[in-house]
Amino acid sequence: MRDKPTDVAVQEFWDELRKTTQARIGLGRAGTALPTRQVLELAAAHAAARDAVHIPLDTAELADTVRAVGIGEPAVVTSRAGSREEYLRRPDLGRMPAESLQVPACPADIGFVLADGLSPTALSHHGAKLLAALVSALGDRYSMAPPVIATQARVALGDHIAAAQGVRTLLVIIGERPGLSVADSLGIYLTHLPRPGRTDADRNCISNIHPPDGLGYTEAARVAAGLVGGAVALGRSGVDLKDTSRALAAADPDELT
């Protein structure tokens, strides 16, 4: 049976709209269910999201690529969560360092923590490249401590690491919670004057970093550099600090090149 003109028009409408989003829209129907192809794609996406959460971070491989960025020998630390299962059940343990936090003191303007978070896969795919972009954007203006790789880590673990290092502004690069459209997205959490006890209200977040479909490394680093400059000038980060990078770029188109 040939498609009706209205069916063709509806399909063309959804085909064009799907080009603008990764969301699953206009998937069609097979009776009262989804078409087989869409069911299989959804199952594959769910499996990829589960793998992104549970496949452990290869710290040795990541350390090699991070070392090549050239800001020092990366240290590797872990949280108080003893296993991935405990990490997922007990977010509080992921915010606390293990009993012996082996991080050398290295006072600097900027500290970097690369944390596996809820997607070690994201950190494996993008962590070193994003770090390189951040170093390129910040290196001419600020001193930088050697990077730290943290496993079974939540964002607040970075506050303990930063306090041990003695850095003034901390950037935590962390794997974000995977979804059914994206399983390897990174976020950057910025905290000025980090110390244990800081809350999410004291931080600024840049999320959805996963080129080519999400935010690119260079753009994320540009936003981070603007936030770092604002935090230094303001003396704090968090709810009082706003991202003005887009407004500045609109006012000076040369900033986009």
Side-chain angles (χ1 to χ4, degrees), residues 1-59 61-62 65 81 83-91 94 114-133 151-155 172-189 200 205-224 243 246 256:
M1 181 177 178
R2 299 179 62 182
D3 290 336
K4 298 178 183 179
T6 53
D7 294 335
V8 173
V10 168
Q11 187 61 45
E12 290 177 348
F13 169 81
W14 285 114
D15 287 345
E16 286 299 313
L17 200 58
R18 273 194 296 271
K19 294 177 182 178
T20 66
T21 178
Q22 293 177 290
R24 287 178 167 78
I25 57 174
L27 300 182
R29 290 183 297 177
T32 59
L34 291 172
T36 300
R37 177 178 176 179
Q38 311 303 336
V39 172
L40 294 175
E41 288 179 351
L42 185 64
H46 187 260
R50 287 180 60 86
D51 285 347
V53 172
H54 289 284
I55 292 177
L57 180 68
D58 187 334
T59 55
E61 181 179 352
L62 182 61
T65 57
S83 66
R84 197 63 178 168
E85 290 71 22
E86 186 173 46
Y87 169 81
L88 295 172
R89 292 197 312 268
R90 294 283 306 275
L114 293 92
D116 54 0
L118 288 169
S119 180
T121 297
L123 195 62
S124 297
H125 288 178
H126 306 296
K129 294 176 182 177
L130 178 56
L131 176 64
T151 61
Q152 314 292 25
R154 305 279 175 171
V155 172
V172 175
I173 301 168
I174 190 166
E176 296 185 311
R177 183 187 304 274
L180 295 180
S181 296
V182 180
D184 65 342
S185 180
L186 285 179
I188 300 172
Y189 286 82
D200 288 343
C205 177
I206 306 165
S207 63
N208 201 38
I209 305 168
H210 58 97
D213 298 316
L215 192 65
Y217 309 131
T218 301
E219 175 66 9
R222 185 178 68 82
V223 175
D243 172 23
R246 294 180 185 275
L256 296 176

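Along the sequence shown, the residues carry numbers beginning at 1. Computed over heavy atoms, backbone and side chain alike; hydrogens, waters and symmetry mates excluded.
Closest approach of Pro120 to Pro56, counting heavy atoms only: CB-C, 4.3 Å. Among all heavy-atom pairs drawn from Leu62 and Ala128, the shortest one is CD1-N, 4.5 Å. Across all their heavy atoms, Ala221 and Ala133 have their closest contact at CB-O, 3.5 Å. Closest heavy-atom contact between Ala115 and Val172: CB-CG1, 4.3 Å. Here the closest heavy-atom approach between residue Tyr189 and residue Cys205 is recorded as CZ-SG, 3.6 Å.
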Walk me through it: do Arg89 and Glu86 pass the test salt bridge (Lys or Arg N to Asp or Glu O under 4.0 Å)?
-> CA-CA 5 Å; Arg89 292 197 312 268; Glu86 186 173 46; 5.1 Å; no
For side chain to side chain contact (heavy atoms under 4.5 Å, CB included), just list the numbers for Ile174 and Val155, CA-CA rounded to whole Å, side-chain angles, deciding distance to a tenth of an Å, and then say yes or no.
-> CA-CA 7 Å; Ile174 190 166; Val155 172; 3.9 Å; yes
Run the numbers on Leu123 and Leu186 for side chain to side chain contact (heavy atoms under 4.5 Å, CB included), then give the verdict.
-> CA-CA 7 Å; Leu123 195 62; Leu186 285 179; 4.2 Å; yes
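Among residues at least two apart or in separate chains, salt bridge (charged side-chain N to carboxylate O under 4.0 Å, His left out) pairs with a member in residues 114-129 are Arg84-Asp116.
For His54, the NE2 atom counts as densely surrounded, since its 6.0 Å shell holds more than 12 non-hydrogen atoms of other residues, nucleotides or ligands.
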For residues 176-184, dump all side-chain donor-acceptor pairs below 3.5 Å to protein atoms at least two apart in sequence or in another chain.
from   : atom 1 : to     : atom 2 : distance (Å)
Glu176 : OE1    : Ser185 : OG     : 2.6
Glu176 : OE1    : Asn208 : N      : 3.1
Ser181 : OG     : Gln22  : O      : 3.0
Asp184 : OD2    : His125 : ND1    : 3.1
Asp184 : OD2    : His126 : NE2    : 3.1

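Distance check: Glu41 CD to Leu34 CG gives 10.5 Å after rounding to the nearest 0.5 Å. In this structure, Asp51 CG and His46 NE2 are separated by 10.5 Å, a value rounded to the nearest 0.5 Å. Atoms OG and CG, on Ser124 and Leu114 in that order, are 10.5 Å from each other to the nearest 0.5 Å.
Between Ile188 and Leu130 there is a side-chain heavy-atom pair separated by less than 4.5 Å. Side-chain contact between Leu118 and Leu88 is present, with heavy atoms from C-beta onward closer than 4.5 Å.
Judged by distance alone, the side chain of Tyr217 and the main-chain N or O of Ile209 form no donor-acceptor pair under 3.5 Å.
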